[in-house]
Amino acid sequence: MAEQTNREVVTGSVETTNTLTNDHNLRSKMCLPTSQGKGINIHIKSDTKCYVASRTKDFSDEQSATETSGRLSQETPTTTSKCNTPNSSKSDEINSKDIVVTTENKENYISCVSDVDPSSAGSTCQVITETSSTATTLPPLTPSKQAEAVDAETLRRAREEGRVEVMFPGLVTQEGCCRFVSEILKCILYQRQQLPMTYDQLVYSQKRQQAAMQNEEAVAWRPGQSTAEGLDWRRCQRTLQDLEQVLQQLEVLFSLSLVPRVLLLLGGSLLLPKELYEVNMEDVILATGDRSLRVSSCLRQVFRTLFVADLLSDAKPVRLTATTVMVLAHRDCGVGWFRPKLDFKVPTRVKSQVISLSCDPSRVSGSGASEGGGQIAWQDYVWFQAPLTIKGFSK
Amino acid sequence: MSVTAAFGINSILYQRGLYPPETFSRVAQYDMSLQLTTDTKLKNYLTNVVSQLKEWLFDCTVQKLVLVITCLETSEVLERWQFDIECDKSAKEISAPREKSIKSIQDEIRSVIRQITATVTFLPLLETACAFDLLVYTDKDLEVPDKWEESGPQIIDQSEEVRLRSFTTSIHKVNSTVAYKRANSD
């Protein structure tokens, strides 16, 4: 980046008219001189251009082609699960223990159906309403208002039903499904306070620690040694290794079998975990050829929906615990690392939070989806358990 | 509150990649690991801003704190983090403000900061060099300090918005939102 010379603080003021409020909008005039050689600055005024390095999170896409094809049917496997029809508002399960995943503070329930932008002449949105002789047809919603309405419904459904639905506007690949599960696992571990930072940040910190240790002339290795950033090095390393192994083995499993459901059990036992999350992909439609959505865009859609639903964040501290991964896969898929648990049944005495991923069925015909995939024989699918648990740590 | 604002700003600058990650160091705050810039000049800048903000917060004259991220080349506003601050002025007047434990406050702040981190998973990539501005909405009759100037709101054209959790202290309530430029379909 170009080096910038130091600039003096600009003392003259620029009068602007704030047309939106009657209040002052004040902006700091303190000019931050550049760092020589770094090209890092803060833009203060329009005549003092400054440069800032940007770092982007990489949701790099994989190849879009897939070897497998088929639509995961809507049949459910033999284990019991919640039945959440569009008209149902309660689970059939016995909720003997509530899992607090939301608090009262989240205030993004926006009622906007009646708050219509009159300048929506160019809107392409349509709201279908019942009409009667006395009813007034609502003008179409603007895209932003429509988005707000969708967000409000997402939040309502998450709070009342413990379910978040994400419908992709197209087909996905098996590799994409594996990415969805992997990223959701990482997200849940961080948001449920089992990791002190995100997985990517932990990996970065680990590499910095390793580099720092290599640079030291004499390394004194002691159990429980902390990193320069206050992390318990050994516990961090152990958890990262376990998590990396789970992620790698998930890739292997997804290459061997369709995986319609993944369970993440936090704490407690297999019979009665403290928290239970399900990634349900029964209604995912796999693409053949190159007619699939980009994984990065799907991931953004998933995480934005999860964010709006406020399914994972919690103001209350969550105790450190161990996370078990269960996957539903074909009994003869030949996976070696995951262990079959033929007698496992999805816990019903704890409320599960379901993240349901699906594909828009209207995109199926002529779009490169598998032809004649037919119904999946769910009786051939059994639960497999990861042979290790991911132990949370906080420091 | 001003300390929280400082940590929040640092978190956003780190998570959105406006500054290289190696220019941040981890510190323990609110019983969690947070990123703080080690860049001296940026630190000084933020210290000055936050110290002024602290005065306004004490006087209950600040209504919003906004962090705007703009494209350096085009000056287009790409992201807008807005923190709406409600001040309970009566809490200052009476001898005993509303009771709220430090632990409870910190729990809520921790939740918000974790949410800021989570936004990285869906906010559009900042693929160009960016800069940031800090805007403060104050009462109209406030005397403008020397080092500040009036500014427009720097609203994003065609934006999407998500709301973060709110948190409250004994005196203030903060509602947070992030608006970002609506991305083209991938």
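Numbered from 1 within each chain, the chains take letters A, B, ... in sequence-line order. Atoms considered below: every heavy atom in the structure, side chains included; atoms not considered: hydrogens, waters and symmetry mates.
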Review point. Which residues pass the side-chain hydrogen bond (donor to acceptor under 3.5 Å, both in side chains) test with B/K54, sequence neighbours left out?
Key: none
Study note, to complete from the structure: So, the part of B/I109 with a heavy atom under 4.5 Å from chain A: the answer is neither
Point to revise | Test item: side-chain donor near acceptor, A/Q201 and A/Q206, under 3.5 Å | key: no
Point to revise | Residue list, salt bridge (Lys or Arg N to Asp or Glu O under 4.0 Å) with A/R304, at least two apart or on another chain | key: A/D151, B/E160
**Study point:** Residue B/A118 versus chain A: region with a heavy atom under 4.5 Å
**Key:** both
Exercise for review: Could you look at B/E22 and say if it's the side chain, the backbone, both or neither that has a heavy atom under 4.5 Å from chain A?
Suggested key: both
**Study point:** Gamma sulfurs of B/C71 and B/C130 within less than 2.5 Å
**Key:** no
